[in-house]
Amino acid sequence: RIEGDTVRNLADEIRKLTCEKAVTGLILDLRYATGTNYTDVPLVAAAFLPKAKHVFTIQRGKDAQNLSVNPAVITGAPLMVLVNHETCGPAEVLAAVLQNQKRAMILGNSATAGRAFETSDIPLSNGQILRLATGKIILPDGTGIFPKGVQPDVNVPRPQSSARRPRRLSPRRVWSSVVSLFTPFK
């Protein structure tokens with residue numbers, strides 16, 4: 001999930017990685033990832049984008065909120081992002097931003113959920129909450145994510161055995177099978 005402690009946890013992990021040895025490549029696994037906090041997406045993206053960039057806009061009617069990032073912590077290492085049909089919300093925005101900025105190669109067996117839009121909760125008199133879509137996410141190239149989702153750059157088909165029960169591919173296996181086939185974006 002991209003919310004709460006995501007930014008702090010990512011910073012801690014990056015610090016550990018860069019202190020231990022040189023980073024030769026990264027896999028960001030966003031399969032089954034959700035969340036509700038779109039304002040953390042630029043902070044997470046900032047760890048990987050090489051220079052200050054406008055990453056996306058939340059459009060609310062005639063009002064718009066532009067979100068930008070500062071220079072990255074890790075820029076030279078190839079980055080692959082794993083997604084699936086359940087990657088949604090801020091996680092799919094992060095995948096879209098990294099793809100849109102040509103910083104990461106997106107791998108998955110399907111498009112993401114296509115549910116990247118800002119919502120507002122309205123309390124009702126009976127104690128329930130009505131959740132409304134109140135803003136759409138627009139990338140710098142003018143495209144949106146809702147409702148089509150983020151299309152993977154590389155389609156990684158499910159193994160035949162997955163028809164009986166879901167099987168998650170390990171990031172290490174995905175990396176080793178794909179890294180020899182593709183040159184990462186520069």
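Along the sequence shown, residues carry numbers from 1.
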remark   = Interatomic distance, CD1@I106 vs OG1@T112, rounded to 0.5 Å, equals 9.0 Å
L26 reachable from L98 in the ILVMFWY side-chain graph, under 4.5 Å edges = yes
Side chain to side chain donor-acceptor pair (under 3.5 Å) partners for N100, two or more places apart = D141
message = Suppose the criterion is ring-ring contact (aromatic ring centres under 6.0 Å, His included): which pairs have a residue in residues 120-139, not counting sequence neighbours?
response = none
ask   = Closest approach of V150 and A96, non-hydrogen atoms and distance?
value = CG2-CB, 3.6 Å
query = What ring-ring contact (aromatic ring centres under 6.0 Å, His included) pairs are there with at least one residue in residues 104-131, not counting sequence neighbours?
reply = F117-F146
query = Nearest heavy-atom pair of R115 and E92: which atoms, and what distance?
reply = N-OE2, 2.7 Å
For residues 41-50, dump all side-chain donor-acceptor pairs below 3.5 Å to protein atoms at least two apart in sequence or in another chain.
none

inquiry  = Nearest 0.5 Å, please: how far is CD1 in I129 from OG in S120?
reply    = 12.0 Å
Report all side-chain donor-acceptor pairs from residues 76-90 shorter than 3.5 Å, counting only partners two or more places apart or in another chain.
residue, atom, partner, partner atom, Å
N84, OD1, Y32, N, 3.2
N84, OD1, E86, N, 3.0
N84, OD1, T87, N, 3.2
N84, OD1, T87, OG1, 3.3
T87, OG1, L30, O, 2.8
T87, OG1, N84, N, 3.0
T87, OG1, N84, O, 3.3

Pairs flagged by salt bridge (charged side-chain N to carboxylate O under 4.0 Å, His left out) wherever residues 124-139 is involved - sequence neighbours left out = D121-R131
